[in-house]
Amino acid sequence: MAELGVKKEPDKGLPGLEGAKGGVVMRFAPNPNGPPTIGSARGIIINSEYVKRYGGKLLLRFDDTDPVNKRPMLEAYGWYLEDSKWLGSVPDEVVIASDRLPKYYEIARELIRRGGAYVCRCDQASFKALKDAAKPCPHRGQSPEENMALWKDMMNGNLAPGEAVLRVKTDIVHKDPALRDWAAFRIVTADHPRVGERYRVWPLLDFESGVEDHLLGVTHIIRGKDLMDSERRQRYLYEHMGWEYPTTIHWGRIKIHQFGSFSTSALRRALEAGEYSGWDDARMPTVRALRRRGIRAEALRKFMIDLGVGETDISISMDSVYAENRKIVDPEAKRRFFVKDPVPLEVEGNVPKAAKAPFHPTLNLGFRDIPAGSKLLVSGDDVTDLKAGGKLRLKDLCNIEIVAIDPLRSRVIGTDPHQAKEMKLRIIHWAPTDGVPVRVMRPDGVDTGIGEAGIRDDLDQVVQFERYGFVRIDSVAEGEIVAYFAHR
RNA sequence: GCUCCGGUAGUGUAGCUCGGCCAAUCAUGCAGGACUCUCACUCCUGCGACUGGGGUUCAAAUCCCCACCGGAGCACCA
């Protein structure tokens, strides 16, 4: 009775894709000039999410056609594969543009034959001047035969870098100057990290990407709003060739509060200048850094899917990722004591020999013993506002009253947690003097302190340092444990 | 200069295609409370938005126009 009206259900997850019923072919197409960043993760995750939803194929395509300005890194190809896999987005097929130059040449020749492209020998500045004035350059009217001959000169070395480019004919009087006769190939004699000096004519993004999307049968393209004009440019190419353009979706630029805006190239420069310890430095906005810090792929996936694919430029906070991750990690993270900036605390009276502390407050993960005694360490942050006569509870150990401040002395006034509760004592954590030195690498700096010795058993695990935050134990060396900070 | 795109709470997001179910969804954040030997987790309550102005209409977050704000392209970069 009540459901006569069709209630609009709030859209859950990603919006549907137009014409995706029979399955999709989608691609993520990075330039491998560094490891995947959080921005890359968005592309990897969203594309793969759609493929999972509609069925079909996920392609990982390396658009590595600039050996100079955005020079590829050989290691980065593997990094993308590795991080895609970790993110739960294993590609069905991997394509590397620098392997496929001959295909592009073939299409270039066909395009020339069809009169869809010409070899332009203007220098950059004078072409721009003509283009801005919506005037054709002198080479635009060359016959396909002339163009083919010049193309061969580009290929065989008769023309030097800068002396000629192949341009796709569009509409030289188009009202948007960005679309007028764009360059498809240029001469580059620099060596390429993968294929050396085998080729001297390299395609530009609009050609390479546009051609590949067709060759690979891509049905849906998701790309940045900054590439909107790319689609409009490529449509001219598709028209010359008689191809059908895929469906496109655009999204806006993404900024992250905690990292600001970043580009792979900028990060690479900073890294090479020695500002970071590596691509997985805790301060890096890379997938591998997040992984090292103990962020789970599931948290990232959920976060990215929740972001959606809007065309608005967004400025997001890692807080949401952290909130997702906290929920995943909390039930399995062992609790440990880590005392930051330790201050010695003398305790008089009957201090228990050891604390029997649960690994988890609510789940049955067992207990660990932490040796105690009359000399302990507490966090510098916890003692700043202490005064003589003040009382507090050392968690899982005993209740104390502060006797003196500098140096810090106290006496046991009981061990019963209920007493502490009745007295509404503040509860702080502590560490034994024979604990292990711990260094915590954080996005915002480094903390040092002493942790309970049991942390040595937690290599590669995500644990919670009580009242401090979640960390991943990164290394357990003789003298020091290194932890990477995930979030509070 | 030319051209294109966008503007819902602090931050994201749903709703906008086919105007009424929207005194506007969800998450995160913040505030308060419950639980708890952690400032974690969980639960409850609360805070908080349709950029502005015109127009069309019985009715506009949704359609049209203008303004303002933000982003992007006009590379032999991706």
Side-chain angles (χ1 to χ4, degrees), chain A residues 5-13 15 29-33 63-66 68-72 120 122-124 127-128 131-132 134 161-167 174-180 182-188 201-202 204-206 208-209 223-230 232-233 250 252-254 257 263-265 302-303 306-308 310-324 326-327 329-331 333 335 337 355 357-358 360-363 393-397 399 416-421 425-429 464-470 487-488:
Chain A
V6 184
K7 183 79 180 174
K8 276 185 195 163
E9 288 297 320
D11 263 1
K12 249 327 213 180
N31 178 338
N33 61 344
D63 287 348
D64 58 343
T65 54
D66 186 348
V68 180
N69 301 304
K70 293 203 174 165
R71 192 170 171 81
C120 170
C122 298
D123 61 83
Q124 232 175 121
F127 183 82
K128 179 174 166 51
K131 181 201 68 183
D132 287 345
E163 287 189 343
V165 296
L166 184 75
R167 277 188 199 288
H174 196 286
K175 65 173 181 172
D176 185 348
L179 307 189
R180 298 171 192 160
W182 48 274
F185 284 87
R186 85 297 209 187
I187 302 167
V188 180
V201 176
W202 284 88
L204 265 15
L205 176 77
D206 282 320
E208 180 270 330
S209 179
R223 64 173 146 220
K225 219 169 49 166
D226 52 320
L227 260 27
M228 270 181 162
D229 285 342
S230 269
R232 300 191 179 104
R233 279 191 284 260
H250 300 100
R253 285 311 222 188
I254 178 170
H257 296 335
S263 71
T264 306
S265 318
K302 194 154 187 307
F303 173 72
D306 190 53
L307 274 192
E311 284 193 21
T312 331
D313 297 321
I314 56 177
S315 182
I316 55 169
S317 168
M318 290 296 289
D319 285 352
S320 300
V321 181
Y322 296 157
E324 292 302 338
R326 198 175 287 123
K327 287 171 196 162
V329 134
D330 182 85
R335 268 52 178 175
F337 283 169
H360 196 281
T362 52
L363 272 43
R393 174 163 176 84
L394 299 175
K395 188 167 185 282
D396 301 312
L397 189 67
N399 309 325
D416 185 4
H418 303 297
Q419 177 196 27
K421 193 166 186 182
L425 297 189
R426 185 153 72 122
I427 299 166
I428 68 169
H429 64 291
Q464 188 201 51
F465 286 168
E466 290 197 44
R467 303 208 307 131
Y468 178 84
F470 292 89
H487 46 73
R488 284 202 57 98

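Numbers restart at 1 for each chain; the letters A, B, ... are given by sequence-line order, proteins then strands. What you see is a predicted model, and the numbers here were worked out from it, not measured in a lab.
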Would you kindly check whether a donor in the side chain of A:Lys395 faces an acceptor in the base of B:C37, or vice versa, at under 3.5 angstrom? no

Side chains of A:Leu204 and A:Arg186 in contact at under 4.5 Å (non-hydrogen atoms): yes

Would you mind reading off the distance between A:Asp63 atom CG and B:C77 atom P, rounded to a whole angstrom? 14 Å

OP1 or OP2 of B:A78 under 4.0 Å from side-chain N/O of A:Ser209: no

Atom P, compared across B:C43 and B:G6: separation rounded to whole Å: 38 Å

Do A:Glu324 and B:U28 share a donor-acceptor pair, side chain to base, under 3.5 Å? no

Atom OH of A:Tyr468 and atom P of B:U38: how far apart are they, to the nearest Å? 20 Å

Which is more 5' along RNA chain B, the nucleotide nearest A:Val188 or the one nearest A:Thr362? Just name the residue. A:Thr362

Indicate, with a heavy-atom threshold strictly under 4.0 Å, whether A:His257 touches base, sugar-phosphate, or nothing. sugar-phosphate

In whole angstrom, what separates A:Arg71's CZ from B:C76's P? 21 Å

For B:C63 and B:C18, measure between their C1' atoms and round to the nearest Å. 12 Å

Where is the tightest heavy-atom contact between A:Arg167 and A:Ala183, given as atom of each residue plus distance? NH1-N, 3.7 Å

Rounding to an integer number of Å, can you tell me how far A:Arg326 CZ sits from B:A40 P? 8 Å

Is the distance from OP1 or OP2 of B:A40 to the nearest side-chain N or O of A:Gln464 less than 4.0 Å? no

In this structure, how many angstroms lie between the P atom of B:A27 and the CZ atom of A:Phe303, rounded? 16 Å

A:Phe470 near the nucleic acid: base, sugar-phosphate alone, or nothing, with a heavy-atom cut-off under 4.0 Å? sugar-phosphate

Using the C1' atom on both, measure B:C77 against B:C66 and round to a whole Å. 38 Å

Would you call A:Arg335-A:Asp330 a salt bridge at under 4.0 Å N-O? yes

Tell me, with the steps shown, if A:Arg426 and A:Arg393 meet side-chain contact (heavy atoms from CB on, under 4.5 Å). CA-CA 6 Å; A:Arg426 185 153 72 122; A:Arg393 174 163 176 84; over 6 Å; no

Please report the C-alpha distance between A:Lys225 and A:Asp313 in whole Å, then the side-chain angles of each, then the deciding distance to 0.1 Å, and finally whether the side-chain contact (heavy atoms from CB on, under 4.5 Å) criterion is met. CA-CA 9 Å; A:Lys225 219 169 49 166; A:Asp313 297 321; 3.7 Å; yes

With sugar-phosphate taken as primed atoms, P, OP1 and OP2 and all else as base, the protein-contact string of nucleotides 65-74 of chain B at under 4.0 Å (heavy atoms; B, S, -) is -----BSSBB

For A:Pro72 and A:Asp66, the nearest pair of non-hydrogen atoms, with its separation, is CD-O, 3.5 Å

With a non-hydrogen cut-off below 4.0 angstrom, is A:Ser230 in contact with a base, only sugar-phosphate, or nothing? nothing

Which nucleotide wins on minimum distance to the side chain of A:Ala183, given the candidates B:U38, B:C76, B:C4? B:C76

Assess whether a salt bridge exists between A:Lys302 and A:Asp306, defined as any Lys/Arg side-chain N lying under 4.0 Å from an Asp/Glu carboxylate O. no

Which is true for A:Leu205 with a 4.0 Å heavy-atom rule: it touches a base, it touches only sugar-phosphate, or it touches nothing? base

Atom P, compared across B:G12 and B:G71: separation rounded to whole Å: 13 Å

Under 3.5 Å, side chain of A:Asn399 to main-chain N/O of A:Asp416, donor-acceptor pair present? yes

Residues at least two apart in sequence or cross-chain that pass salt bridge (charged side-chain N to carboxylate O under 4.0 Å, His left out) with A:Lys131, listed by chain then number, are none

Which is true for A:Asn31 with a 4.0 Å heavy-atom rule: it touches a base, it touches only sugar-phosphate, or it touches nothing? sugar-phosphate

Nearest-nucleotide 5' precedence on RNA chain B, A:Gly308 against A:Ser320: A:Gly308

Report which part of the nucleic acid A:Lys70 touches: base, sugar-phosphate, or nothing (heavy-atom distance under 4.0 Å, all strands). base

In which stems does RNA chain B show up, taking only runs of three or more Watson-Crick or G-U wobble pairs whose two distances fall under 3.5 Å? B:1-7 with B:68-74, B:10-12 with B:26-28, B:29-34 with B:42-47, B:51-55 with B:63-67

For atom CZ of A:Arg186 and atom P of B:A78, their distance in whole Å: 5 Å

Hey, could you give me the CG/CZ distance between A:Asp206 and A:Arg233, rounded to the nearest 0.5 Å? 4.5 Å

Would you mind checking if A:Arg488 and A:Asp319 are paired as a salt bridge, meaning a charged N to carboxylate O distance below 4.0 Å? no

Nearest-angstrom distance, C1' atom, B:G10 to B:C22: 22 Å

Contact class for A:Thr264 vs. all strands (heavy atom < 4.0 Å): base, sugar-phosphate, or nothing? nothing

Classify the nucleic acid contact of A:Arg335 as base, sugar-phosphate or nothing, counting any heavy atom under 4.0 Å across all strands shown. base

Please test A:Phe127 against A:Val165 for side-chain contact (heavy atoms from CB on, under 4.5 Å), starting from the C-alpha separation and ending with a verdict. CA-CA 11 Å; A:Phe127 183 82; A:Val165 296; over 6 Å; no

Using the P atom as the reference point in each nucleotide, state the distance between B:G7 and B:G52 in Å, no decimals. 14 Å

Between B:C37, B:C76, B:U3, which nucleotide gets closest to the side-chain atoms of A:Leu204? B:C76

Can you tell me, in whole Å, how much space there is between the C1' of B:U13 and that of B:G48? 15 Å

Nucleotide nearest A:Lys421 (side chain, heavy atoms from C-beta), chosen from B:C76, B:U36, B:A40: B:U36

To the nearest angstrom, how far is A:Glu311 atom CD from B:G6 atom C1'? 7 Å

Nucleotide B:C4, atom P - distance to CE of A:Met228 in whole Å: 12 Å

What interatomic distance, in whole Å, is found between C1' of B:C41 and the corresponding atom of B:U62? 40 Å

Looking only at B:U42, B:G7, B:G29, the nucleotide nearest the A:Asp319 side chain is B:G29

